[in-house]
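Inspection log for the structure reproduced underneath, given as structure tokens.
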Amino acid sequence: MKTKEKFEYNNGFLRKLQLKNLEIFNVLKKFCEENDIKIFFCGGCLIGTIRNHGFIPWDDDIDVFMPRDDYEKLKELWPKKGNTKDYELSVPNKNNFTRNLFITFNDNNTTFIKTHQKNLEINHGIRIDILPLDGCPSSILKRKIQKFWALIYSLYCAQMVPENHGKLVSFVGKFMLMLIPIKNIRWKIVYLAEKKMTKYKISDCEYITELCSGPKYMQNEYHREWFDNVVYKEFEHQLMPIPRGYDNYLKMAFGNYLIVPPKEKQVPDHDVIYCDLNNSYKKYKGKYYLNNK
């Protein structure tokens, strides 16, 4: 069966998708507040909070930061206390290969099939990306070792070579994947790398970093106090949690974030094969994913 490789957001559909994302996030936010789990807007929705008091008009998702201890706490508590009938906390591991480097909070009753995941038997519901924050050692050598393990983690967890990082990175990535072709060994390396890169507690460090956002962002070292407290700002007529040092974080990660990008860059980030706000992704198995195309 022939299907489109790119889903078009027509007739106000993107706005409806944004509001569905907000609905899903509010479920996660409520659970975090009830269980003393710290969560912050980050990336595009944080820029939108400050610049637009809501979604950037062309944004199609919500990303959040969570300190590592809170991240692990969420992984432990959601299966026990959360609404698992309607929402899944999808954790990448040997039995749930998602090509993600981080956990996602998925709506089981919707569909958002991304191109690079179309051949995977996973939860393809609309999701919130949850990116962990980790302690960053002050020692230059220890920091280099941490980034080395983060790169190893990224490569074998996603089992894809990072794009747009040059020919050398591409060559080394392909060689490393070819070197370790056995699934069980790859996942042993993933678990070891995760243990090594996350061993620095935020409370013991002056700086923190994001290790699961790809090679570019793992270079950033944020002052710990930028994220030590939550403040609330208006987003779509609601008050949403953002880090206290949001301005410093956004300038380091994105430069002058208050400048609206040129028209040609005002497009959604994700390559989506199919999106349905009202029906479970399971309806589309064999049609839009796992269709051997």
Side-chain angles (χ1 to χ4, degrees), residues 7 17-18 20-32 35 37-46 55 59-68 70-134 153-154 156-160 187 190 194 198 210-214 217 240-241 268-277 280-282 284-285 288-290:
F7 183 79
L17 173 59
Q18 290 176 342
K20 175 58 74 171
N21 269 285
L22 186 59
E23 175 187 318
I24 297 166
F25 174 73
N26 276 327
V27 174
L28 175 62
K29 174 176 172 283
K30 184 172 185 291
F31 184 83
C32 289
N35 291 279
I37 295 172
K38 190 179 289 186
I39 187 171
F40 310 98
F41 271 1
C42 67
C45 58
L46 178 52
F55 283 100
D59 205 1
D60 62 356
D61 73 345
I62 290 177
D63 300 324
V64 299
F65 276 150
M66 195 171 282
R68 177 65 66 170
D70 296 277
Y71 184 84
E72 297 298 331
K73 185 176 180 181
L74 178 64
K75 284 164 61 176
E76 178 186 354
L77 291 185
W78 180 261
K80 299 175 182 177
K81 301 173 64 175
N83 175 9
T84 55
K85 176 179 178 292
D86 295 314
Y87 302 93
E88 177 186 344
L89 193 70
S90 180
V91 180
N93 55 46
K94 183 173 69 174
N95 300 314
N96 185 41
F97 174 51
T98 65
R99 296 199 186 280
N100 293 324
L101 307 180
F102 42 79
I103 60 179
T104 60
F105 187 72
N106 296 65
D107 184 332
N108 298 336
N109 303 303
T110 59
T111 302
F112 194 76
I113 302 168
K114 300 173 77 171
T115 304
H116 73 285
Q117 295 175 319
K118 66 179 181 178
N119 294 320
L120 302 179
E121 180 74 272
I122 62 172
N123 191 315
H124 291 282
I126 297 170
R127 92 284 178 91
I128 308 298
D129 290 344
I130 305 173
L131 308 172
L133 292 169
D134 286 285
Y153 170 84
S154 299
Y156 286 115
C157 189
Q159 298 187 31
M160 292 175 62
W187 282 102
V190 169
E194 185 176 41
T198 63
E210 45 181 315
L211 300 172
C212 298
S213 306
Y217 292 106
M240 291 297 176
D269 283 340
H270 301 104
D271 290 329
V272 182
I273 293 175
Y274 196 73
C275 180
D276 187 333
L277 307 183
S280 171
Y281 61 93
K282 295 177 182 179
Y284 301 107
K285 183 176 180 180
Y288 291 112
Y289 73 99
L290 292 178

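The two residues Y281 and G125 have their closest heavy-atom pair at CD2-N, 3.6 Å. The two atoms that bring F31 and I37 nearest to each other are CE2-CD1, 4.4 Å, heavy atoms only. The minimum heavy-atom distance linking P67 with K38 is given by the pair CD-O, 3.7 Å. For the residue pair E194 and T198, the shortest heavy atom distance occurs at O-OG1, 2.6 Å. Considering all non-hydrogen atoms of both residues, C275 and F7 come closest at O-CZ, 3.5 Å.
In this view, K75 and E72 satisfy the salt bridge (Lys or Arg N to Asp or Glu O under 4.0 Å) rule, not counting sequence neighbours. Legend: residues meeting side chain to side chain contact (heavy atoms under 4.5 Å, CB included) with K94, ordered by chain and number and at least two apart, are K183, N184, W187, Y191. Scanning for side chain to side chain contact (heavy atoms under 4.5 Å, CB included) contacts around P92 gives T98, I103, C157, with sequence neighbours left out. Evaluation of the salt bridge (Lys or Arg N to Asp or Glu O under 4.0 Å) rule for D134 yields R68 as partners, not counting sequence neighbours. For K20, the salt bridge (Lys or Arg N to Asp or Glu O under 4.0 Å) partners two or more places apart in sequence, or in a different chain, are E23. Among residues two or more places apart in sequence or in another chain, the salt bridge (Lys or Arg N to Asp or Glu O under 4.0 Å) test is passed with D129 by R127.
Counting only N and O atoms by type, the side chains of D86 and N109 include a donor and acceptor under 3.5 Å apart.
Considering CG of L133 and SG of C42, their distance stands at 8.0 Å, rounded to 0.5 Å. Remark: D60 CG to Q18 CD distance equals 8.0 Å, nearest 0.5 Å. Summarising the geometry, atom OH belonging to Y217 is positioned 10.5 Å from atom CG belonging to L131; distances are rounded to the nearest 0.5 Å. Atoms CD and CZ, on Q117 and F97 in that order, are 9.0 Å from each other to the nearest 0.5 Å. Rounded to the nearest 0.5 angstrom, E121 CD and Y289 OH are separated by 5.5 Å. In this structure, the separation between CD1 on I130 and CG on L28 is 5.0 Å, given to the nearest 0.5 Å.
Taking 4.5 Å as the limit, some side-chain heavy atom of M240 sits within range of a side-chain heavy atom of K29. Looking at heavy atoms from C-beta onward, L17 lies in side-chain contact with L277 at the 4.5 angstrom threshold. Side-chain contact between D61 and D59 is present, with at least one heavy-atom pair separated by less than 4.5 Å.
For the pair S280 (side chain) and N108 (backbone), a donor-acceptor distance under 3.5 Å is present. The closest donor-acceptor contact from the side chain of D63 to the backbone of G43 lies at 3.5 Å or more, if one exists at all.
Between F102 and Y71, the distance from one ring center to the other does not fall under 6.0 angstrom. Between Y87 and F105, the ring center distance clears the sub-6.0 Å criterion.
The aromatic rings of F25 and F41 lie tilted to each other, with the angle between the two planes from 30° to 60°.
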